[in-house]
Amino acid sequence: MSFVLTLAFIVLMLLAVPVGHGMVIAAAVAVLWDGTLPLMIVAQQLFQQTQSFPMLALPFFMLAGSLMMGGRLGRELLTFASEFMKRFTGGELSTTVVASTVFGGVSGSAVANSSALGPVLIPWQKKSGYPAGLCAANMATSSVIDILIPPSIPLILYSLISGVSVADLFMAGVLPGLLMAGSFIFLCWWISRRRGYRRAGSVIGGKELLRLAVRSFPALAMPVWILVFLRFGVATPTEVAVLAVVYSVALSVLLYKDLDWARFKEAMVEAGIATGIVMLVIMGSAACGWLLTFDEVPARFVAWVSATIQNPWLILLAMNVVLLVVGMPLDLPPALLLFGPIFVPLGASLGLDPVQLGLIMVINLGIGIYTPPVGTTLFIATSIAKCSLDETTRELWPFFFAAVLLLLAITYVPALTLY
Amino acid sequence: MAAAEGVDRLITRLCRFIVLVTGIALTVLLAGNVVARYVLASGGIDAAQELPELLFPWFIVAGISLAAQAGGHLGVDWFYDRLGPRGRVWLLHLVNAILIVSYLILFWQSLLLAENTWVQVSPVLKIPTSQGYLAVALGCLLLALAAACSSVRIVMTGPERRFTLSYKETGP
């Protein structure tokens with residue numbers, strides 16, 4: 001049955017059937033082929049995923065991010081980041097990195113990040129003299145920082161597969177996120193210095209910068225109170241997500257006065273659509289996962305790997321290579337949901353902490369978001385920059401290597417995630 | 001073509017309505033429950049445990065259907081990109097046919113499940129748990145309808161119009 005399931009999925013992928021649909025249909029085909037299980041199993045698995053209380057956090061973190069990023073607060077935050085970074089060599093370029101890091105504290109999706117920041121930052125950077133390909137590459141790669149800084153949609157998904165606490169995962173993501181941001185800022189500075197890019201326009205005074213920092217404070221504070229609430233058990237992750245929505249609405253209505261019914265309605269519908277996209281993949285992968293577990297595939301895979309590769313370091317390296325390859329054609333959520341159930345028991349057999357494994361998987365598959373042939377943020381940033389995919393890919397390599405170096409560090413140095 | 005556009009508009013309006021109503025209800029309920037936990041002696045609202053489980057399936061299926069209309073569910077277009085215009089049209093029809101057949105079968109299976117579980121009720125509100133399966137059934141039906149409308153649009157105007165122009169334009 002697992003063979004038919006895999007084959008059907010590959011054929012459907014080649015036919016350009018969307019990934020979520022592909023998994024649902026492949027599961028149905030495998031059950032029909034097997035003949036011993038009722039087809040109702042597939043419908044039951046689809047339904048089962050809608051009953052997960054932690055999953056409710058997804059739409060609300062998306063809604064909170066959309067309300068914050070789409071309003072005046074988002075613009076204030078962006079102005080603060082750009083005015084602060086403009087003071088340094090390559091500052092216009094590294095504004096993308098800083099903005100992705102601070103927006104990571106209100107959003108939880110790399111795609112939302114590049115879609116929201118790209119149209120504002122890339123044209124400004126191009127006007128300041130930076131090549132379009134470099135701006136696009138910087139945007140596509142920096143968006144991934146967003147999914148490491150809490151709240152993070154992929155880390156919530158991983159917590160559902162592994163049973164690890166969302167609070168632990170969120171906490172573990174902070175240092176890798178900041179390390180990635182630091183290395184990307186260094187790259188922006190280094191590239192700009194080497195190529196002689198100069199600052200365009202004047203910088204504002206310290207007093208004005210402080211005023212901007214104060215106005216951006218409510219957004220900058222959001223990841224902090226999310227972590228505090230989760231860490232001290234004030235509310236569950238789902239409730240924290242809902243409170244983030246209430247916080248965003250309150251700020252937009254009372255402080256920034258830029259929220260009307262029409263904007264709220266659109267933000268809610270967009271959150272519904274974004275949830276629908278992720279949930280179809282979750283539902284499909286649950287049906288596939290149930291069938292693979294029924295066939296004992298994860299257990300057999302762990303036994304095979306343990307017997308074939310004795311060295312845990314090599315197993316970790318092999319896991320990373322597999323995920324990097326898988327992440328190229330597949331988007332992050334389906335890849336995470338397909339390989340999570342297989343890699344979690346494998347990691348456990350190696351004595352790898354599931355929190356560390358979660359960060360390894362999310363960073364690794366995050367790299368897949370901007371690597372060709374299928375890279376969501378790569379496509380978004382390239383289309384905003386109005387350049388060719390080749391131009392973006394050429395400029396992407398330094399960022400890619402920095403991210404891979406960080407991935408290896410996270411893989412082999414547990415202290416970077418288990419502090 | 002007019003019929004297909006009418007069905008599309010109907011799906012959009014219905015799904016937007018479901019997303020808004022269930023989304024707002026979930027927000028109010030869950031936020032209220034956090035406050036109630038620290039204010040009320042009972043430690044929260046009893047129904048706040050159950051209602052999200054009842055509402056969330058409807059929110060999800062409406063979101064999935066809207067995403068299908070807007071082309072939000074992404075696939076690997078490697079093979080599609082290598083085909084000529086005629087090949088692309090045939091491939092899109094084939095994909096839509098696969099979606100229609102598969103989701104109609106799953107629609108039927110979900111209805112059977114709903115029928116089987118009709119007697120089970122939730123502990124506090126006494127609402128049949130089968131309503132969740134009805135949500136899945138509705139989702140499957142809407143996905144099949146959206147795929148059928150997409151094929152009609154492809155026949156009438158070409159592959160560029162395989163998705164509704166925007167889920168916003170056809171909304172209320």
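By convention in this document, chain letters (A, B, ...) are assigned in the order of the sequence lines, proteins followed by strands, and residues within each chain are numbered from 1.
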Asker: Using non-hydrogen atoms only, which part of A:Met55 is less than 4.5 Å away from chain B: side chain, backbone, both, or neither?
Answerer: both
Asker: Which atoms of B:Asn116 come close to chain A, meaning under 4.5 Å heavy atom to heavy atom: side chain ones, backbone ones, both, or neither?
Answerer: side chain
Asker: Given that the side chain runs from C-beta out, which part of A:Val246 has a heavy atom under 4.5 Å from chain B: side chain, backbone, both or neither?
Answerer: side chain
Asker: Heavy-atom pairs under 4.5 Å with chain B: which of A:Met279, A:Met40, A:Met13 has the most?
Answerer: A:Met40
Asker: Do B:Val95 and A:His21 have side chains that get closer than 4.5 Å, going by heavy atoms?
Answerer: no
Asker: Check whether any side-chain heavy atom of B:Leu106 lies under 4.5 Å from a side-chain heavy atom of A:Val42, and answer yes or no.
Answerer: yes
Asker: Rounded to the nearest 0.5 Å, what's the gap from CG on A:Leu46 to CD on B:Gln109? Could you check?
Answerer: 11.0 Å
Asker: Please look at B:Ser102 and chain A and tell me whether the side chain, the backbone, both or neither of the residue comes under 4.5 angstrom of a heavy atom of that chain.
Answerer: side chain
Asker: Looking only at heavy atoms, which two atoms of B:Ile64 and A:Gly276 are closest? And how far apart?
Answerer: CG1-O, 3.3 Å
Asker: With a 3.5 Å distance limit and no angle check, can you tell me whether B:Tyr80 reaches the backbone of A:Leu14 through a side-chain donor-acceptor pair?
Answerer: no
Asker: Under the side chain to side chain contact (heavy atoms under 4.5 Å, CB included) criterion, do A:Val234 and B:Tyr38 qualify, and how do the steps go?
Answerer: CA-CA 9 Å; A:Val234 176; B:Tyr38 292 98; 3.7 Å; yes
Asker: Of the backbone (N, CA, C, O) and the side chain (C-beta and beyond), which part of B:Ala62 lies under 4.5 Å from a heavy atom of chain A, both, or neither?
Answerer: neither
Asker: For a 4.5 angstrom cut-off between non-hydrogen side-chain atoms, does A:Ser52 reach B:Phe56?
Answerer: no
Asker: Just so I know, are the side chains of A:Thr275 and B:Val19 near enough to count as touching, which here means a heavy-atom distance under 4.5 Å?
Answerer: no
Asker: So what's closer than 4.5 Å to chain A heavy atoms on B:Tyr103: side chain, backbone, both or neither?
Answerer: side chain
Asker: Relative to chain A, which segment of B:Leu54 carries a heavy atom at a distance below 4.5 Å: side chain, backbone, both, or neither?
Answerer: neither
Asker: Report yes if some heavy atom in the side chain of B:Phe59 is under 4.5 Å from a heavy atom in the side chain of A:Leu56; otherwise report no.
Answerer: no
Asker: Against chain A, label B:Leu83 side chain, backbone, both or neither, depending on which of its atoms sit under 4.5 Å from a heavy atom there.
Answerer: neither
Asker: Could you tell me which of B:Pro57, B:Ala31, B:Cys15 has the largest number of non-hydrogen atom pairs under 4.5 Å with chain A?
Answerer: B:Pro57
Asker: So what's closer than 4.5 Å to chain B heavy atoms on A:Leu58: side chain, backbone, both or neither?
Answerer: neither
Asker: Kindly determine whether A:Leu15 and B:Ile98 satisfy side chain to side chain contact (heavy atoms under 4.5 Å, CB included), including the steps that lead there.
Answerer: CA-CA 10 Å; A:Leu15 291 176; B:Ile98 292 171; 4.0 Å; yes
Asker: Of the backbone (N, CA, C, O) and the side chain (C-beta and beyond), which part of B:Leu91 lies under 4.5 Å from a heavy atom of chain A, both, or neither?
Answerer: side chain
Asker: Checking heavy atoms, do the side chain of B:Leu26, its backbone, both or neither come under 4.5 Å from chain A?
Answerer: both
Asker: Which atoms of A:Thr238 come close to chain B, meaning under 4.5 Å heavy atom to heavy atom: side chain ones, backbone ones, both, or neither?
Answerer: side chain
Asker: Take A:Glu266 and B:Arg16, measure what side chain to side chain contact (heavy atoms under 4.5 Å, CB included) needs, and give me the verdict at the end.
Answerer: CA-CA 9 Å; A:Glu266 281 321 307; B:Arg16 281 176 65 97; 2.9 Å; yes
Asker: Quick check on A:Val19 against chain B: is it the side chain, the backbone, both or neither that has a heavy atom closer than 4.5 Å?
Answerer: both
Asker: Is A:Gln51 reaching over with its side chain to a backbone N or O of B:Glu53, donor-acceptor style, under 3.5 angstrom?
Answerer: yes
Asker: Atom OG1 in A:Thr50, atom CH2 in B:Trp58: separation rounded to 0.5 Å?
Answerer: 10.5 Å
Asker: Which bit of A:Phe47 comes within less than 4.5 Å of chain B, counting heavy atoms only: side chain, backbone, both or neither?
Answerer: both
Asker: At a heavy-atom separation under 4.5 Å, does A:Leu280 approach chain B through its side chain, its backbone, both, or neither?
Answerer: both
Asker: Let's go through A:Lys265 and B:Leu20 carefully: what are the C-alpha distance in whole Å and the side-chain angles of both, what is the deciding distance for side chain to side chain contact (heavy atoms under 4.5 Å, CB included) to 0.1 Å, and is it a yes or a no?
Answerer: CA-CA 7 Å; A:Lys265 207 166 67 170; B:Leu20 279 171; 3.2 Å; yes
